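Presented below is the structure to which this report refers.
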Amino acid sequence: MRHARWRGLLSVLVAPLLVAGVAGAAWAEPTAAAAEQVTRLTDVVPAPVEARPTPGETFSLNPATRIQVDRGAGDVGEQLAHLLRRSTGYWLPVVPDHGFTSNAIVLRLGGADPRVGEEGYQLDVTRRSVVLRANQPAGLFAGVQTLRQLLPAKVESDRPQRGPWRVPAGQVLDYPRFAHRATMLDVARHFLTVDEVKAHIDRIALYKINRLHLHLSDDQGWRIEIKSWPRLATYGGSTEVGGGPGGYYTQDQYRDIVEHARRRHVTIVPEIDMPGHTNAALASYAELNCDGKAPPLYTGIEVGFSSLCVGKDVTYRFVEDVVRELAALTPGPYLHIGGDEAHSTPPADYQEFMRRVLPIVERHGKTPVGWHEMAKAATPPSAVLQYWGRGTTDREVVEAARRGNKVIMSPANRTYLDMKYDPSTKLGLTWAGYIEVRDAYGWEPGGHLADLPESAVLGVEAPLWTETLTDLDEVSFMAFPRLPAVAELGWSPKVTRSWEGFRERLAAQGPRWERMGVAFHRSPQIPWR
Ligand code: NGO
């Protein structure tokens, strides 16, 4: 008894260190057998703001456990129940919360610490119950992702497993550092099906990624149906890198993706890249070309050779139609217009193009986002720039930030998930270098670009370009485990940053990915379990 009390006191003292990963595995479980079965409260990615274990105590799911929900928390409750029923085989009814908490997982809206804001949560686990509180459903959803990671890895199985189903007791208080915690999927170079995109969304949501940027058009393919310009999809979408059949999303399919993401509290940020990276559009409509001649479809991986015709009025009718239809499909606030590598658009034309196009996006009620080259144009202060350079200085981006533009950090040598891990990686490119897990984790988004204050940083985003990737397994192999590393930089406070702590916590994710069927890179840097 005395011993247990000491351990309790000790754990409160070392808890912050544990979260920071400094004390490693100092927190002892009561018995070795139990330790095998129970996850540590600190084995969560991204690292929570505060986690205080109650040593020796656990909550156990059993056949009589209920999920009690406040009004407004039902959808999150159903999603949790769906996951838990599959692997536990328990009934787990979702019932209205009646205030009495025994043998229940309780999801409550309101009454959380104000620090948790709109996306954070508080989690209290005792031997009697699991109580999750948040101000908004997004916070409850984030808390559920933590709870998933606190249950044994077999909870991710798609068929019933044997218990026990213990959750370590303690208290978690958690909320994000940055508003934008994103990844990008390039469905233009290789098309991914609706089901593949949905599965990817499920995987990224587990790491509290809240935005998915979809790169919907490029030289090699146009992937979204535009009713006023139908050949964009039917012809421009008919191939991909390497000459495969490509594909596109009908507007109904695209709405389905947006809705799937919304339920997982992921906002889709659609991108139509322009004025460069437009061969698929130029091939589909001859009138978009300055010489009135449509080029052939393109299936290689060169960049910088295509441009919309800046001097023609039809160009802006085209942009207006595309932006109007895409904005109508987009409940989120952002619409990405690319703007990168416009090597075939003279600088004056580029500025003129952006001068005319940026207001179109705003007129359709969306905040324009562009790759950082857009800083060369006169951007309205509301526009967001996505920095993808390899260096740590960029005068134009810093000046744009002084004018009010926010910046998303996607430094290519840290966050590009299409770079090879090391020379032995079969997939991927190398132009920004090799990126192992430690490289993806070991940089500071708030201070990466010289003279760019942290207050100008909207968040982080890890782009996944698909010149060399053809399906969900290949996408997953490149994203995991580097995406969770970038997700942690976006969510967790700076004080929790510790490579040693991170590699331990990341190691605990491996068995989960195995259960989920997620292909991942077994980085030699991580002590996989
Ligand atoms: C660059 C280029 C893309 C490539 C990618 C490959 C940006 C913003 N434009 O990043 O077209 O696919 O590199 O890594």
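Both counts, for ligands and for their atoms, begin at 1 and track the order of listing. The structure presented is a predicted model; accordingly, all values stated were derived computationally and were not measured.
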With a cut-off of under 6.0 Å to the ring centre and 45° to the axis, is R223 in cation-pi contact with Y248? no
Check this for me - ligand 1, E341, N or O atoms closer than 3.5 angstrom, yes or no? yes
So, regarding W371 and ligand 1 (criterion: nitrogen or oxygen to nitrogen or oxygen, under 3.5 Å), is there a contact or not? no
Got L449 and M409 here, is their nearest side-chain heavy-atom distance under 4.5 Å? yes
Out of E271, R189, M184, E302, who is nearest to atom 11 (O) of ligand 1 when you count heavy atoms only? R189
Test: R231 cationic atom under 6.0 Å from Y235 six-membered ring centre, within 45° of axis: yes
Distance under 4.0 Å to a non-hydrogen atom of M419: what atoms of ligand 1 satisfy this? 14 (O)
Do the side chains of Y421 and S523 get nearer than 4.5 Å, heavy atoms only? no
Under 4.0 Å from one or more heavy atoms of L429, ligand 1 contributes atoms 6 (C), 14 (O)
Closest to atom 1 (C) of ligand 1 among protein heavy atoms sits W388 CZ3, 3.5 Å
Does the pair D256/K198 count as a salt bridge with the N-to-O cut at 4.0 Å? yes
Nearest protein heavy atom with distance in Å, relative to atom 10 (O) of ligand 1: Y416 OH, 2.8 Å
Tell me whether the centres of the aromatic rings in W431 and Y416 are closer together than 6.0 Å. yes
Any side-chain heavy atom of R181 within less than 4.5 Å of one from L489? no
What is the nearest protein non-hydrogen atom to atom 6 (C) of ligand 1, stated with its residue, atom name and distance? D418 OD2, 3.3 Å
Considering non-hydrogen atoms of the protein only, which is the closest contact for atom 9 (N) of ligand 1, and what is the distance? D340 OD2, 2.8 Å
Report yes or no: does a heavy atom of Q386 sit under 4.0 Å from some atom of ligand 1? no
At a 4.0 Å threshold, what atoms of ligand 1 neighbour a non-hydrogen atom of E467? 4 (C), 6 (C), 12 (O)
Nitrogen or oxygen of W431 less than 3.5 angstrom from that of ligand 1: yes
Considering distance alone, does some N or O of D186 sit under 3.5 Å from an N or O of ligand 1? no
Compare all side-chain heavy atoms of E271 with those of W371 and state whether any distance is below 4.5 angstrom. yes
Centres of the F520 and W528 rings: under 6.0 Å? yes
